[in-house]
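Quick note: numbers below take in every heavy atom, side chains included, and nothing from hydrogens, waters or symmetry partners. Proteins come first, then strands; the chains are lettered A, B, ... in the order of their sequence lines, and each starts at number 1.
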Number of protein chains: 2
Amino acid sequence: MSILFSRQCEYAIQGVLYLALKPEGEMTSIKELTKRLDIPYHFLGKILQRLAGTGLLTSLKGPTGGFALGRKAKDITLFDVVNAIDGSDFTRNCVMGFPECSGKNPCSVHDTWGRMRDEIYDMLIRKNIAEMAKDMKKTEYRSARS
Amino acid sequence: MSILFSRQCEYAIQGVLYLALKPEGEMTSIKELTKRLDIPYHFLGKILQRLAGTGLLTSLKGPTGGFALGRKAKDITLFDVVNAIDGSDFTRNCVMGFPECSGKNPCSVHDTWGRMRDEIYDMLIRKNIAEMAKDMKKTEYRSARS
DNA sequence: TGGGTTTCGGACTGTGATGTCTTAAATATC
DNA sequence: GATATTTAAGACATCACAGTCCGAAACCCA
Ligand code: FES
Ligand code: FES
C-alpha cells in the first residue's frame, strides 16, 4: 500500500486501467482481471461492484458478462476512481493531522503541503485513463486487448 | 488523518514540535502536552515512550519528570520522527500499489510520482524542528515556552 | 427448459491500528 | 522512610480495513 491510497483504491485503479485498454463496450470478467493483476478474487469483485454502483463501471451477469467502463475512457480520470473509493478529503486536510487546515491557523508546512496537494490532484486529473492506460508499461497490461 | 502519515505519526510530529519550543533540557509532562494538543493521554504516552526508545527523546520519571528532546532541536528533522514511527517505505513504493516500482517496469505516473516523493522527502528534511516549531503558527503552540 | 457461468448482496472472519485501563517502577519532596 | 507524581509496560477493548464465503439472481446457450 502506498502512502496515498487505500488497498481498495489501488486495486480499483489497477482494474479500471486494465478495462480502459479493452475495446469499448467489451465485458471483462473478474477471472481475467485477477489472472493478470495480483488481487484477491472476491475482494476485487466487491470493489468493482462498488464502482458499478457509482456508475463509473457497468456490469453484466452471465457467461458473457463482466465489467466495462461506464463511459468513454477519455471522459474518466484517476481522480474519479480515487474519489469514488477513498474520497477527496486529502485535498483539505492538514498533513500534520491538525483539526484545521487554513492560512489563518497554519502549521509549519501549510504552504508547501498545499502546493503538493495541488500537484497530486493535478497528477490525477491531467490525463484521462485512456492515455494513462496507454502510458502503462507494466507487464501486467501487455496485450490486454483481446 | 492525512493521506501521508498514520495517526501515531501525526501525534508524534505534533508532540515533538511542541517539545522543540521548550528550553533545552526542560522536561515536559504528558499532561501538559495533552492539555495543549488534542491527543488521548495514554496513547500519547505510548508514542513518546516509543520515540524515547529510539533515542529521539529522553524521559524521566517522578514529579519533575516528563519528556525532552534526545538531542538538539537543530539536529532533528521531521523525517527523523516520521521514520521512527511510519518508516520510510513511501520513498520506494509505487503509488498505484504495484509490487515493483522501478524505471524498468514503470506505471503510468512513475516519473511524476517519483518527483513528488522527492519533494515530500525534501519537505521533511529541509528544515530542522527548531525552525519548524518557530514557523508553527498554530494557536496550540502559543507560549509553549514556560 | 435446464444447466453452467457470472455478478450481486450480505454475512462472516482476520488483522492491524487506535485507544483504554491497570499495575509497577522510578523519582522528588516532605 | 512515606507519599505523591510521573513514566514504563502490558493486557485489554474498539474500530476500520482487508479478505473470504455462500446463496441468490441474472444471463447465455444448448
Ligand atoms: S494547516 Fe497543516 S497543512 Fe494546512
Ligand atoms: S511503478 Fe508506480 S510509481 Fe513507480
Side-chain angles (χ1 to χ4, degrees), chain A residues 1-15 19 22 25-35 37-70 82 84-87 89 97 99, chain B residues 1-15 19 22 25-35 37-70 82 84-87 89 97 99:
Chain A
M1 191 165 73
S2 90
I3 51 172
L4 291 192
F5 309 128
S6 68
R7 273 258 143 74
Q8 261 194 79
C9 192
E10 292 176 348
Y11 292 160
I13 291 174
Q14 296 179 18
L19 294 180
K22 291 284 182 177
E26 178 177 324
M27 290 293 173
T28 306
S29 68
I30 304 177
K31 197 189 296 179
E32 177 181 342
L33 283 162
T34 54
K35 199 183 302 173
L37 313 169
D38 190 31
I39 305 176
Y41 184 90
H42 292 94
F43 195 27
L44 179 58
K46 289 250 166 287
I47 296 169
L48 298 182
Q49 225 174 94
R50 195 172 162 190
L51 291 176
T54 72
L56 206 65
L57 300 182
T58 60
S59 65
L60 193 67
K61 297 177 183 176
T64 64
F67 292 88
L69 298 180
V82 171
I85 302 293
D86 278 357
D89 282 352
Chain B
M1 192 164 73
S2 92
I3 50 173
L4 291 191
F5 308 128
S6 67
R7 274 256 141 76
Q8 258 195 83
C9 191
E10 292 176 349
Y11 292 161
I13 292 173
Q14 296 179 19
L19 294 180
K22 291 286 184 176
E26 179 177 324
M27 291 291 173
T28 306
S29 68
I30 305 176
K31 197 189 294 179
E32 177 180 341
L33 283 162
T34 54
K35 200 182 299 174
L37 313 169
D38 192 28
I39 305 176
Y41 184 90
H42 292 93
F43 195 27
L44 179 58
K46 290 243 167 292
I47 297 170
L48 298 183
Q49 225 173 97
R50 193 173 163 190
L51 291 176
T54 72
L56 206 65
L57 299 183
T58 59
S59 65
L60 191 68
K61 297 178 183 176
T64 63
F67 292 89
L69 299 180
V82 170
I85 302 293
D86 279 356
D89 283 352

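Among the protein residues, Lys31(A) comes within range of the sugar-phosphate backbone only, with heavy atoms under 4.0 Å from sugar or phosphate atoms but none that close to a base.
By the side-chain contact (heavy atoms from CB on, under 4.5 Å) test, Ile3(A) pairs with Leu4(B), Phe90(B), Trp113(B), sequence neighbours left out. Residues meeting the ring-ring contact (aromatic ring centres under 6.0 Å, His included) test with Tyr11(A), sequence neighbours left out: Phe43(A). The side chain to side chain donor-acceptor pair (under 3.5 Å) test applied to Ser6(B) returns Asp86(B), not counting sequence neighbours. Not counting sequence neighbours, the partners of Thr28(A) by the side-chain contact (heavy atoms from CB on, under 4.5 Å) test are Tyr18(A), Leu19(A), Lys22(A), Glu32(A), Leu33(A). Shown here are the side-chain contact (heavy atoms from CB on, under 4.5 Å) partners of Pro63(B), two or more places apart in sequence or in another chain: there are none.
Minimum interatomic distance between Ala84(B) and Leu51(B) (heavy atoms only, all atoms of both residues): CB-CD2, 3.9 Å. Between Ile30(A) and Gly45(A), the shortest heavy-atom contact is CD1-CA, 3.5 Å. Across all their heavy atoms, Thr34(A) and Tyr41(A) have their closest contact at CG2-CA, 3.6 Å. Contact between Glu26(A) and Ala68(A) at its shortest, heavy atoms only, is O-CB, 3.5 Å. Considering every non-hydrogen atom in both Ala12(A) and Ile47(A), the closest pair reads CB-CG2, 3.8 Å.
Interface limits on DNA chain C: the 5'-most and 3'-most nucleotides within less than 4.0 Å of chain B heavy atoms are dT18(C) to dA28(C).
One finds the CG atom of Leu48(A) at 4.5 Å from the CZ atom of Phe67(A) (value rounded to the nearest 0.5 Å). Within the model, atoms CG of Leu37(B) and CD of Gln14(B) stand 5.5 Å from one another, a figure rounded to the nearest 0.5 Å.
Side chain Lys46(B) to base dA9(D): a donor-acceptor pair is found below 3.5 Å.
Contact check of residues 57-67 of chain A against DNA chain C (heavy atom, cut-off under 4.0 Å) returns Ser59(A), Leu60(A), Lys61(A), Gly62(A), Pro63(A), Gly66(A), Phe67(A). If you check residues 47-54 of chain B against DNA chain C, you find no residue with a heavy atom closer than 4.0 Å.
Within the structure, the side-chain hydrogen bond (donor to acceptor under 3.5 Å, both in side chains) test picks out the following pairs touching residues 47-66 of chain A (sequence neighbours left out): Gln8(A)-Arg50(A).
dT5(D) atom C1' lies 15 Å from atom CD of Glu32(B), rounded to whole Å.
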Close N or O pairs between protein and nucleotides 12-18 of chain D (under 3.5 Å):
residue : atom : partner : partner atom : Å
dA18(D) : OP1  : Arg7(A) : N            : 2.8

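Direction change of the helix axis from one end of the helix from dT1(C)-dA30(D) to dC30(C)-dG1(D) to the other is 0°, with five pairs defining each end axis (rounded to 10°).
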